[in-house]
Engineer: 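Before we start, here is the structure in question, set down as structure tokens.
Whatever order the structure lists ligands and atoms in, that order sets their numbers, starting from 1.
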Amino acid sequence: MLACHCWVVLLMKFLSPIFVSLCLSLTGIHATVADATTGPQIEGAWEQGSILRGQVEPGSQLRFEGHDVPVSPKGQFVIGLDRDFGSVARLTLRREDGTTQAFEYPVQKREYQIQRVEGVPARTVNPSAEHLARIRAESALTRKARAKILDRQDFAETFVWPLTGPITGVYGSQRYYNGEPRRPHYGVDVARPTGTVVVAPASGVVTLVHPDMFYSGGTLIVDHGQGLSSTFIHLHKVLVEEGQEVKQGEPIAEVGASGRATGPHLDWRMNWFDQRVDPQVLVPPMNTVWSKAKE
Ligand SMILES: [Zn+2]
């Protein structure tokens with residue numbers, strides 16, 4: 001077995017210079033075909049909270065606002081704009097032949113709602129010192145999960161709603177809890193009874209399962225690859241395990257009212273690394289889906 005493995009290694013060492021020179025000549029041809037005017041092909045709106053998916057020539061590198069953007073071997077990529085993104089987005093493309101080109105996109109500003117939430121437990125509005133320590137430890141766990149770079153292209157799928165029902169909260173709204181201003185709301189809330197099954201909006205890998213976080217209660221993160229992830233919170237039950245692969249449409253959790261919640265609902269959030277983006281960008285309007293589901 002070992003001998004066999006060594007043979008493979010030797011063979012690869014012998015073949016690799018040939019392979020590399022073949023690749024170089026191929027890319028040389030490629031570079032002349034696609035001249036310097038070929039920019040990234042991008043699908044999505046340049047507006048705050050948006051998720052944009054695109055394609056560059058394989059082998060290209062991308063920088064977005066000073067950060068490296070993961071690019072798949074086939075040239076696919078995804079980027080996200082947070083809630084308060086500035087008026088211009090800057091993308092730099094470096095091709096395999098070493099040429100670089102900078103692109104600027106004007107970013108549309110969004111108007112966000114103001115939402116007042118009454119009747120949440122007082123301890124979740126003004127947490128004690130002990131609770132603050134717990135909150136910090138829990139947010140370190142979610143940060144770590146969202147910082148992962150998985151070479152998967154599930155983000156390119158056509159997303160579906162993880163749950164259909166009345167929308168009771170949207171992305172970006174400024175929130176007042178029991179009358180006190182707090183951080184904006186970053187997810188889309190869908191109200192359904194406790195125990196209703198939530199499905200994966202796209203395929204991915206489970207990168208975090210937590211039974212009861214202070215704010216978010218039962219929490220689940222599914223990574224769709226290259227920095228794009230879904231977070232599901234206030235869950236009653238999580239039906240999958242960390243490290244597990246899930247397919248789009250597969251049951252992953254049950255609706256609950258855990259954490260800072262006033263009643264059972266699913267709060268679905270999306271991130272591109274630490275940028276909080278709007279999940280509704282990737283799914284059709286709920287009205288149609290929900291009325292169809294009732295028929
Ligand atoms: Zn919510």
Side-chain angles (χ1 to χ4, degrees), residues 48-51 80 82-84 110-127 131 135 138-139 141-143 145-146 159-201 208-222 228-238 252-272 274-283 285-287 289-290:
Q48 291 176 333
S50 190
I51 301 161
D82 74 9
R83 180 186 186 271
D84 302 307
R110 280 175 64 173
E111 296 292 333
Y112 298 109
Q113 297 179 10
I114 291 178
Q115 192 175 24
R116 293 173 195 280
V117 186
E118 301 298 330
V120 296
R123 68 171 194 113
T124 64
V125 178
N126 292 301
H131 285 149
I135 291 160
E138 290 170 353
S139 69
L141 291 177
T142 52
R143 262 204 311 277
R146 288 169 179 157
F159 279 57
V160 297
W161 281 93
L163 178 74
T164 52
I167 293 175
T168 52
V170 295
Y171 172 89
S173 45
Q174 179 59 57
R175 281 223 165 157
Y176 289 79
Y177 288 94
N178 300 350
E180 296 189 42
R182 287 295 177 268
R183 284 202 303 180
H185 185 252
Y186 288 106
V188 54
D189 289 333
V190 181
R192 291 298 295 275
T194 294
T196 310
V197 168
V198 175
V199 301
L208 183 130
V209 172
H210 197 289
D212 189 23
M213 286 188 166
F214 185 78
Y215 285 127
S216 56
T219 303
L220 164 67
I221 299 182
V222 174
L228 193 73
S229 64
S230 285
T231 304
F232 308 92
I233 68 175
H234 307 307
L235 301 169
H236 173 62
K237 206 189 252 180
V238 175
I252 51 173
E254 290 178 6
V255 172
S258 51
R260 185 162 70 182
T262 50
H265 72 282
L266 173 71
D267 185 331
W268 173 30
R269 303 177 171 210
M270 287 197 80
N271 274 68
W272 181 65
D274 59 354
Q275 307 287 298
R276 296 165 184 278
V277 292
D278 185 356
Q280 282 195 259
V281 163
L282 295 183
V283 284
M286 176 67 95
N287 294 345
V289 180
W290 179 228

Engineer: Provide the protein N, O or S atoms situated under 2.8 Å from the Zn ion (ligand 1); waters are not included.
Structural biologist: H185 NE2, D189 OD1, D189 OD2, D267 OD2
Engineer: Using the ring of Y186 (Phe, Tyr or Trp, six-membered ring only), decide whether R276 places NZ or CZ under 6.0 Å from its centre and within 45 degrees of its axis.
Structural biologist: yes
Engineer: Do R110 and D278 pass the salt bridge (Lys or Arg N to Asp or Glu O under 4.0 Å) test, and can you show the C-alpha distance, the side-chain angles, and the key distance before you say yes or no?
Structural biologist: CA-CA 12 Å; R110 280 175 64 173; D278 185 356; 3.1 Å; yes
Engineer: Relative to each other, are the rings of W268 and W161 parallel, tilted or perpendicular (30° and 60° limits)?
Structural biologist: perpendicular
Engineer: When the ring centroid of F214 is compared with that of H131, is the distance short of 6.0 Å?
Structural biologist: yes
Engineer: Give the C-alpha distance, both sets of side-chain angles, the deciding distance and a yes or no for side-chain contact (heavy atoms from CB on, under 4.5 Å) between T231 and T142.
Structural biologist: CA-CA 9 Å; T231 304; T142 52; 5.8 Å; no
Engineer: Does the Lys NZ or Arg CZ of R260 fall within the cation-pi geometry relative to Y177 - under 6.0 Å from the ring centre and within 45° of the axis?
Structural biologist: yes
